[in-house]
Every structure is written in C-alpha cells, then in structure tokens.
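Here the structure is laid out as structure tokens; the discussion comes afterwards.
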Amino acid sequence: MSVTLNYQLSIFGKFTIAPLPDVITALMNKINTETQETFLPNIINSQQIEIPSKKITTVANLGFVTQDQQYSIAILNDRIDINYNKVNDSDVDIEMFYAFSVKALVVIMDYFGIASNRLAINIQRICEFDSFEKLQLCGKNLVASAAYYNDKEFAEWSTRINSKVNINLDEHQEMLNVITDISSGQDITGQKAVCLFHIDINTAPQNQSMRFRKDSLPSFVQNAKDIAIRLIGDVERLIMDDK
C-alpha cells in the first residue's frame, strides 16, 4: 500500500495579486471560515529576471499556511496552488483533501473575481520495498530497456506515460493530460528502497481562453479525482505484484 506525500489543486491564468495588508486579513478570515482550518499569512518571495535591463528583482506573493504546516496556499503571479504535505503519521484521505481544496480555491477566485485558463491536480505517493533487490526487479519488470542492461543491475529507473482523454466540463468537452511518473528512490537516510509515483491531471494548454470560473472547480475535481483513484489502484497493483 502506498502513502500520500502531497496533494495539490491548481489554477493557472492571467492575474497578479499584491499581498496588501487589508487583502491578507480579509481573505484569511474568509478562507478560515469556509475551510474550518486556521491559516496564517506567509509571504512568498521569488526572483524575477528582467531580460531587457538584465536585472533580478524580488517579487513578494501572498501565501497562507496552517500552524502544523500540513496545508498551504500559494497565490503567485498567474498561478494559485492549494497544497497538502504529509508532516506526521496521519494520512489525509483524497476525498477529504479535494473537498477542502475546492472550498478554499472557490473563496479565493470569488474574492478576486478571477478566471482561469488551466486546471490541474497533482498527487505524489510513495511505496516502500523491503530490499533494493526487489526495487531493481520491479524496474526490470516495468521498464523496457536496451539489451545492454539485461544482465546489469538498475542503479535507478523511471517511466512516464501521458494519455489524453476528454471529459464534459461546463457543458462542453475538455481535453485532459493524464500523466503518471513512476521511479525508484531512497528515503533521506539512504537505507530504505522506495518507489515514487506522481500523478498529474491537467487541462490541455492549447486552449488559452479564460473560461474556467469558480463553478468549474467541482466538476473538474470530480472527474480528475475519479481518474486519479483508479490510477492509484492500478499503480499499486503493478508495484505490489513485483514485490
């Protein structure tokens, strides 16, 4: 059985939101009321390169984070992320996170009156092996490689698949990229063999119209979440069969 390291719900668009004091207070109160979590302000500093003048400037963006660091919100230029990061032994259910993240993102989109041209969910999970030999065997079974590697041990391996599917969203069809990355790895001590898999489901970038509004989120998340749940089960069976 795999364990979730990270969930994310994101929107992309054409907007710039300054971290003004009155905005921080009002938005924080609205998010906390709607989600029943306690978020605190967290200013996110990033660097921006100005090509004509060859200058690097520091840009301050608005963010929020819960006291236990489990949930965070990043309101960046042209992108907003709602995140869950595993910080203790508890494991947040996928249904619970995405219901929570839709509430938070609806509040933000409604407060600023913004629309989006792309939507995405990302999920990172980890599965532990009891030996590096079994992790290598898993790679041999999953990854087609050149004949040179037939009698070699895999020091590391990875595989990536993207399939495009159509869903009904806001009474029209949207194309989704459904991407799964599976790779070998180690824990931070270097002692445990682990398999990481990352699921990225996003609306295709070809259509850049700002067509997604707050009411688009529940339908997109439901469709993407259903695909992700099926993928998680499929990947776990692939990995567990090789263990």
Side-chain angles (χ1 to χ4, degrees), residues 1-13 27-28 30-39 42 63-66 68-76 79-112 114-127 162-170 173-181 196-204 211-236:
M1 181 66 69
S2 61
V3 175
T4 300
L5 300 180
N6 173 268
Y7 293 120
Q8 185 180 79
L9 172 63
S10 304
I11 66 168
F12 302 82
L27 185 57
M28 180 179 67
K30 287 179 178 292
I31 293 171
N32 289 348
T33 299
E34 186 63 31
T35 65
Q36 296 299 298
E37 287 284 344
T38 302
F39 282 93
N42 176 40
F64 298 98
V65 63
T66 55
D68 60 4
Q69 308 291 310
Q70 185 166 257
Y71 298 107
S72 65
I73 300 172
I75 304 176
L76 309 175
R79 174 176 183 155
I80 301 174
D81 298 321
I82 314 293
N83 295 289
Y84 158 80
N85 290 297
K86 185 175 177 61
V87 295
N88 50 42
D89 292 336
S90 64
D91 192 11
V92 171
D93 178 76
I94 187 172
E95 301 280 356
M96 184 171 71
F97 170 77
Y98 281 106
F100 158 85
S101 62
V102 166
K103 289 180 181 179
L105 200 45
V106 164
V107 168
I108 296 168
M109 294 180 76
D110 184 56
Y111 183 84
F112 294 111
I114 58 178
S116 167
N117 57 10
R118 292 193 72 193
L119 308 174
I121 71 169
N122 279 268
I123 300 169
Q124 179 88 6
R125 293 177 71 91
I126 186 171
C127 183
N162 181 12
S163 177
K164 298 182 183 297
V165 300
N166 289 315
I167 64 167
N168 290 319
L169 182 58
D170 293 342
Q173 281 202 328
E174 285 287 339
M175 181 179 290
L176 298 183
N177 292 308
V178 180
I179 303 167
T180 304
D181 280 295
L196 299 167
F197 64 95
H198 185 155
I199 295 170
D200 178 0
I201 302 174
N202 60 79
T203 55
R211 61 203 182 280
F212 301 124
R213 301 191 177 274
K214 63 179 183 180
D215 294 338
S216 307
L217 292 176
S219 179
F220 166 74
V221 166
Q222 185 62 52
N223 278 281
K225 179 167 55 68
D226 288 347
I227 295 171
I229 289 171
R230 179 177 175 182
L231 272 173
I232 289 168
D234 289 345
V235 173
E236 285 181 341

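- With sequence neighbours excluded, the residues satisfying salt bridge (charged side-chain N to carboxylate O under 4.0 Å, His left out) with R211 are E174.
- The closest side-chain heavy-atom distance from L196 to L5 is below 4.5 Å.
- Closest approach of D91 and Y84 over heavy atoms only: CA-OH, 4.2 Å.
- Looking at heavy atoms from C-beta onward, L176 lies in side-chain contact with F220 at the 4.5 angstrom threshold.
- Judged as a side chain to side chain contact (heavy atoms under 4.5 Å, CB included), and not counting sequence neighbours, D215 has no contacts.
- Contact of the I114 side chain with the I11 side chain is registered, since non-hydrogen atoms from C-beta on lie closer than 4.5 Å.
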L27 and I75: side-chain contact (heavy atoms from CB on, under 4.5 Å), yes or no, with the steps?
-> CA-CA 11 Å; L27 185 57; I75 304 176; 3.8 Å; yes
Could you tabulate the donor-acceptor pairs under 3.5 Å formed by side-chain atoms of residues 163-170, not counting sequence neighbours?
unit_1 : atom_1 : unit_2 : atom_2 : d
K164   : NZ     : N177   : OD1    : 2.5
D170   : OD2    : S216   : OG     : 2.5

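- Contact between N32 and E37 at its shortest, heavy atoms only, is OD1-O, 3.1 Å.
- The side chain to side chain donor-acceptor pair (under 3.5 Å) test applied to E34 returns no partner, not counting sequence neighbours.
- Listed by chain and number, the residues in a side chain to side chain donor-acceptor pair (under 3.5 Å) with Q124 are H198 (sequence neighbours excluded).
- Once rounded to the nearest 0.5 Å, the distance linking CG of L9 with CD1 of I201 reads 11.5 Å.
- With sequence neighbours left out, F100 forms a ring-ring contact (aromatic ring centres under 6.0 Å, His included) with Y71.
- Within a 6.0 Å sphere centred on NZ of K30, other residues, nucleotides and ligands contribute 12 heavy atoms or fewer.
- You'll find the side chain of I82 reaches within 4.5 Å of the side chain of I108, heavy atoms only.
- Between T33 and V107 the shortest side-chain heavy-atom distance does not fall below 4.5 Å.
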side-chain contact (heavy atoms from CB on, under 4.5 Å) between C127 and E236: does it pass, once the steps are laid out?
-> CA-CA 8 Å; C127 183; E236 285 181 341; over 6 Å; no
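- In this structure I229 satisfies the side chain to side chain contact (heavy atoms under 4.5 Å, CB included) test together with I94, E95, K225, sequence neighbours excluded.
- In this structure, the side chain to side chain donor-acceptor pair (under 3.5 Å) partners of R125, at least two apart in sequence or on a different chain, are S2, T4.
- Partners of F12 according to the ring-ring contact (aromatic ring centres under 6.0 Å, His included) rule, which considers only residues two or more places apart in sequence or in another chain, do not exist here.
- Shown here for A115 and M109, the closest heavy-atom pair between the two residues is CA-CE, 4.3 Å.
- Inter-residue side-chain proximity for I123 and L231 is flagged as unmet; no heavy-atom pair is nearer than 4.5 Å.
- Distance check: T38 OG1 to I31 CD1 gives 12.0 Å after rounding to the nearest 0.5 Å.
- Residues satisfying the side chain to side chain contact (heavy atoms under 4.5 Å, CB included) criterion with N83, sequence neighbours excluded, are N6, Q8, S72, D81, N85.
- The backbone N or O of G63 lies less than 3.5 Å from no partner atom in the side chain of N42, so there is not a single donor-acceptor pair.
- Residues forming a side chain to side chain donor-acceptor pair (under 3.5 Å) with N88 (at least two apart in sequence, or on another chain): S90.
- With rounding to the nearest 0.5 angstrom, the CG atom of L217 is 9.5 Å from the CZ atom of F212.
- Note that CD1 of I121 and CD1 of I227 are 8.0 Å apart. Values are rounded to the nearest 0.5 Å.
- Identified under the side chain to side chain donor-acceptor pair (under 3.5 Å) test for residues 96-108, with sequence neighbours left out: none.
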